[in-house]
Amino acid sequence: LSLQLPSHAASSWSYSRPGAWGGLCQSGTEQSPVALELGNDEPRPSVVVAYDRVRYAYSTRSDGCPQINVRQGDAWIDVDGTRHTLVQVHWHAPAEHSLGGQGRSDIEAHFV
């Protein structure tokens, strides 16, 4: 599987104009971007990732970035014994989140 980001993806979305966002994205308080910090001393969860013969469908998001829809039940992640089923993978360019105060990367993947 090969993915290519559209040349306009980085310029078609902006976090500098949240007033232009619609719905809950405009008024919510728990959405991107998030500044993730390093050096956290919290205990690490037990994580198990499972996948086998994943069936998927490729599509393109409204911002032109690629999206992969995963067939229900083909992949999941267990975190501390709680199962989370993978239903989609999509990308953001530039990245939505920063890590360790280093600013945002050119791209990031979201496993939904």
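FYI, the numbering just counts along the sequence from 1. All heavy atoms count here, side chains included; hydrogens, waters and symmetry mates do not.
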Given 3.5 Å as the limit, does a donor-acceptor pair link the side chain of D78 with the main chain of V47, or not? no
Is the backbone N or O of P45 less than 3.5 Å from a side-chain atom of D80, with the two atoms forming a donor-acceptor pair by type? no
Are side-chain heavy atoms of [X] and [Y] found at a separation under 4.5 Å?
| X | Y | value |
| --- | --- | --- |
| W76 | V70 | no |
| Q88 | H90 | yes |
| R71 | D74 | yes |
| V87 | Q72 | yes |

L86 with V48, same ILVMFWY side-chain cluster at under 4.5 Å: no
Shared ILVMFWY cluster between V49 and Y56, side chains joined below 4.5 angstrom? yes
Surrounding CZ of R61 (heavy atoms of other residues, nucleotides or ligands, distance under 6.0 Å), is the total greater than 12? yes
Heavy atoms of E108 and A95 approach each other most closely as OE1-CB, 3.5 Å
Between Y58 and P66 the two heavy atoms that sit nearest each other are OH-CB, 3.5 Å
Decide side-chain contact (heavy atoms from CB on, under 4.5 Å) for F111 and I68; before the verdict, give the C-alpha distance in whole Å, the side-chain angles of both, and the deciding distance to 0.1 Å. CA-CA 10 Å; F111 294 82; I68 297 174; over 6 Å; no
Pair Q67-N69, side-chain donor/acceptor within less than 3.5 Å: yes
Would you say the side chains of H110 and E96 form a donor-acceptor pair under 3.5 Å? yes
